Chemist: 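I'd like to ask some things about the structure below.
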Amino acid sequence: AAKTGGGGDHRFFALEMEEAAQARRALELDLREALTKEQFTLHFQPLVDLRTGRVTTCEALVRWHHPIRGNVPPSVFIPVAEETGLIIALGEWVLNRACVEAARWPKNVKVAVNLSPVQFRERGLALQVVAALAKSSLPAQRLELEVTERLLLEDNEGTLAAMEQLKNLGVSISLDDFGTGYSSLNYLRKYPFHKIKIDQSFTRHLGTESDTHAIVAAVASLGAGLDKIVVAEGIETEEQMKLVASLGCNEGQGYLFGRPMSGEDMRAHLEAANTGKALVA
Ligand code: C2E
Ligand code: MG
Ligand code: MG
Ligand code: MG
């Protein structure tokens, strides 16, 4: 684009905007096709009890493989799915697949499913959950739903009512990515969370920043006082694992324990390794 004289920058900028909008429309179209063309799969990643080494839960993480684009990361397509409302159908698919898969695992392992705030605004969420449990014969006690602070920003009675309804079904709710958003201590009191997942950005800086250290310790003790399970996300090293355990976290998740893997690999992993062995002496 020409960048000469008055208005040139403007025209250049307008062109870039138009290109970005077109790229987004193309992505949206591909995303609409992806569900019917069965391009989505689920991967699962273990959450491990730091005292016993046992896998307590596996988190379902959606994957999109497009024939031309290749693997598109959730950080790219989830926001588009949310803006277009496609997340409702995608979220329902994830919920159903995750429950079917989990029903084949040892009975002491739960499955965690990420929920978008957009799904929460939909009236049919509890019904979707009931249907997914019924179709898979998975007991409600083996399903965890993960929400982020983004959902609580709106802080309305509808959100609280929907959570209470889910909790009454026997499903538990985790607060994901804690500490990255608009962390309000009031959220922990007001909403019926069972788990608090400390975001991986804290774990990553544990060795180098003493203030992160203090934050993780504070959240762990807060969680203990409120009778919640505290999980440290993004554990990649032995040192991080020992540190978060010593600071009082109950569970860990991260590449050290296992990368996201197919449901079939997870089943084999659980059958072989879930006898439990001590991780921290
Ligand atoms: P999340 O729920 O916090 O999931 C954890 C993310 O951290 C996953 O990224 C996982 O692969 C990554 N991770 C786990 N351990 C480590 C580690 O040790 N090091 C590093 N660097 N990363 C680690 P992923 O799969 O790319 O998903 C990103 C986000 O996309 C998720 O964050 C979640 O917010 C969203 N997402 C994924 N699947 C779904 C879904 O089915 N529905 C909805 N609504 N959102 C989803
Ligand atoms: Mg999550
Ligand atoms: Mg998370
Ligand atoms: Mg995250």
Side-chain angles (χ1 to χ4, degrees), residues 31 34-35 39-48 55-65 71-102 110-122 125 128-129 132 143-151 172-181 183 193-207 219 229-241 243-244 249 251-263 265-266:
L31 207 47
L35 264 177
Q39 291 168 359
F40 292 111
T41 52
L42 280 190
H43 275 187
F44 297 89
Q45 188 182 32
L47 277 72
V48 169
V55 175
T56 66
T57 313
C58 296
E59 178 174 4
L61 296 162
V62 68
R63 296 290 177 260
W64 179 22
H65 183 83
N71 294 322
V72 185
S75 56
V76 171
F77 70 82
I78 295 282
V80 180
E82 287 179 334
E83 279 164 35
T84 55
L86 285 167
I87 193 74
I88 302 291
L90 175 58
E92 186 173 20
W93 180 86
V94 169
L95 192 59
N96 280 305
R97 276 300 321 151
C99 290
V100 166
E101 203 57 55
K110 306 209 267 177
V111 67
V113 174
N114 292 287
L115 286 187
S116 154
V118 180
Q119 288 172 274
F120 251 87
R121 262 180 248 132
E122 200 70 6
L125 179 62
Q128 274 187 15
V129 171
L143 177 62
E144 261 175 25
L145 300 172
E146 297 194 359
V147 303
T148 63
E149 293 159 314
R150 203 153 54 96
L151 171 69
S172 53
I173 305 175
S174 306
L175 183 53
D176 200 0
D177 301 349
F178 186 72
T180 53
S183 315
F193 294 115
H194 165 77
K195 263 184 196 180
I196 303 170
K197 301 184 75 177
I198 303 176
D199 190 69
Q200 55 185 33
S201 55
F202 294 96
T203 310
R204 195 176 308 135
H205 297 119
L206 262 182
V219 176
I229 297 169
V230 177
V231 185
E233 302 192 83
I235 297 181
E236 296 183 357
T237 69
E238 200 85 24
E239 286 86 340
Q240 289 169 339
M241 175 187 72
L243 206 46
V244 299
C249 293
E251 297 185 356
Q253 178 177 5
Y255 296 163
L256 178 70
F257 307 109
R259 296 211 169 226
M261 60 186 101
S262 73
D265 286 350
M266 183 52 85

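First listed ligand is number 1; within each ligand, the first listed atom is number 1. Worth knowing before you read on, the calculation uses all heavy atoms, side chains too, and leaves out hydrogens, waters and symmetry mates. Everything numeric here is computed off the predicted structure, so don't read it as measured data.
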Chemist: Check contact between K197 and ligand 1, using heavy atoms of the residue and a distance below 4.0 angstrom.
Modeler: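 In this structure, K197 fails to qualify as a contact of ligand 1 - no heavy atom is under 4.0 Å.
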
Chemist: Using the Mg ion (ligand 2) as the vertex, how large is the angle between OD1 of N114 and OE2 of E59, rounded to 10 degrees?
Modeler: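 Answer comes to 90°, rounded to 10°.
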
Chemist: Do you know which N/O/S atom name in E146 is closest to the Mg ion (ligand 2)?
Modeler: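 Within E146, restricted to N, O or S, the Mg ion (ligand 2) is closest to atom OE1.
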
Chemist: How many angstroms lie between CG in L145 and OG in S172, if you round to the nearest 0.5 Å?
Modeler: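 Reported value, rounded in 0.5 Å steps: 7.5 Å.
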
Chemist: Pairs of nitrogen or oxygen atoms closer than 3.5 Å, one from S75 and one from ligand 1: do any exist?
Modeler: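 In fact, backbone or side chain, S75 has no N or O that close.
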
Chemist: Quick one: CD1 on I235 to SG on C249, what's the gap to the nearest 0.5 Å?
Modeler: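 Atom-to-atom, I235:CD1 and C249:SG are 7.0 Å apart.
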
Chemist: Looking at S116, which atoms of ligand 1 are within less than 4.0 Å of one of its heavy atoms?
Modeler: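 What qualifies from ligand 1 is 44 (N).
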
Chemist: Should you measure from each heavy atom of I78, which atoms of ligand 1 turn up under 4.0 Å away?
Modeler: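 This gives 43 (C), 45 (N), 46 (C) as the contact atoms.
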
Chemist: Which part of R259 is near ligand 1, with near meaning a heavy atom under 4.0 Å away: side chain, backbone, both or neither?
Modeler: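 Neither; nothing of R259 gets under 4.0 Å from ligand 1.
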
Chemist: For ligand 1, is any non-hydrogen atom under 4.0 Å from Q45's backbone (N, CA, C, O), its side chain (CB onward), both, or neither?
Modeler: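 Near ligand 1, Q45 shows its side chain, while the N, CA, C and O stay back.
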
Chemist: Working to the nearest 0.5 angstrom, can you tell me the gap between L115 CG and I173 CD1?
Modeler: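 Those atoms lie 8.5 Å apart.
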
Chemist: Mind checking side chain to side chain contact (heavy atoms under 4.5 Å, CB included) for V100 and listing every partner two or more places apart, or none if nothing turns up?
Modeler: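 Checked V100 against side chain to side chain contact (heavy atoms under 4.5 Å, CB included); matches are R97, S136.
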
Chemist: Does E233 bring an N, O or S atom to within less than 2.8 Å of the Mg ion (ligand 3)?
Modeler: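 It does; at least one qualifying atom falls short of 2.8 Å.
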
Chemist: Report the name of the N/O/S atom of D176 located nearest to the Mg ion (ligand 3).
Modeler: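 Looking at D176, the N, O or S atom with the least distance to the Mg ion (ligand 3) is OD1.
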
Chemist: In terms of atom number and element, which parts of ligand 1 are under 4.0 angstrom from non-hydrogen atoms of V94?
Modeler: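 Counting atoms of ligand 1 from 1, those under 4.0 Å from V94 are 41 (O).
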
Chemist: Select one of side chain, backbone, both or neither to describe which atoms of E59 lie under 4.0 Å from any atom of ligand 1, heavy atoms only.
Modeler: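 Answer for E59: side chain.
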
Chemist: Would you check if V80 and L86 make a side-chain contact, meaning some heavy-atom pair closer than 4.5 Å?
Modeler: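 Not touching, per the 4.5 Å side-chain cut-off.
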
Chemist: Verify side chain to side chain contact (heavy atoms under 4.5 Å, CB included) between N71 and R63, making sure each step is shown before the conclusion.
Modeler: CA-CA 7 Å; N71 294 322; R63 296 290 177 260; over 6 Å; no

Chemist: Between atom CD of E233 and atom CZ of F202, what is the distance when rounded to the nearest 0.5 Å?
Modeler: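 It is 10.5 Å, given to the nearest 0.5 Å.
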
Chemist: Among D199, V113, N114, which one has a heavy atom closest to atom 33 (C) of ligand 1?
Modeler: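 Shortest heavy-atom distance from atom 33 (C) of ligand 1: N114.
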
Chemist: Between Q253 and ligand 1, is there a nitrogen or oxygen pair with a distance under 3.5 Å?
Modeler: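 No.
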
Chemist: Just distances here: any N/O of Q119 and N/O of ligand 1 closer than 3.5 Å?
Modeler: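 It does not: no N or O of Q119 is found under 3.5 Å from an N or O of ligand 1.
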
Chemist: For T57, which residues count as a side chain to side chain donor-acceptor pair (under 3.5 Å) partner, sequence neighbours excluded?
Modeler: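 K195.
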
Chemist: To the nearest 0.5 Å, what is the distance between CD (Q45) and CZ (R259)?
Modeler: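 So the CD of Q45 and the CZ of R259 are separated by 9.0 Å.
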
Chemist: For ligand 1 and L61, I'd like to know whether there is a polar contact (N/O to N/O, distance under 3.5 Å).
Modeler: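 No; the residue has no nitrogen or oxygen that sits under 3.5 Å from a nitrogen or oxygen of the ligand.
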
Chemist: Are Q128 and L95 packed together at the side-chain level, in the sense that at least one heavy-atom pair is separated by less than 4.5 angstrom?
Modeler: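 SC-SC contact between Q128 and L95 confirmed.
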
Chemist: Hey, are the side chains of F40 and L31 touching, using non-hydrogen atoms and a 4.5 Å cut-off?
Modeler: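 Counting from C-beta outward, F40 and L31 do come under 4.5 Å.
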
Chemist: Mark up the atoms of ligand 1 that fall under 4.0 Å of a heavy atom belonging to E233, in ascending order.
Modeler: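 Those qualifying, in numeric order: 3 (O).
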
Chemist: Tell me, please: is R204 in heavy-atom contact with ligand 1, that is, under 4.0 Å?
Modeler: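 No, that is not the case, since the closest heavy atom of the residue is not under 4.0 Å from the ligand.
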
Chemist: State plainly whether the residues E144 and K197 are in salt-bridge range, i.e. N to O under 4.0 Å.
Modeler: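 Salt bridge absent between E144 and K197.
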
Chemist: So I78 and V62, do their side chains get closer than 4.5 Å, heavy atoms only?
Modeler: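 V62 reaches I78 side chain to side chain.
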
Chemist: For P260, counting its heavy atoms only, list the atoms of ligand 1 lying under 4.0 Å from any of them.
Modeler: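 Ligand 1 atoms under the 4.0 Å threshold to P260: 11 (O).
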
Chemist: Check all N, O or S atoms of D177 and name the one closest to the Mg ion (ligand 3).
Modeler: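 Among the N, O or S atoms of D177, the one closest to the Mg ion (ligand 3) is OD1.
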
Chemist: Using a 4.0 Å cutoff against the non-hydrogen atoms of E236, which atoms of ligand 1 qualify?
Modeler: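 Ligand 1 atoms under the 4.0 Å threshold to E236: 17 (C), 18 (O), 19 (N), 20 (C), 21 (N).
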
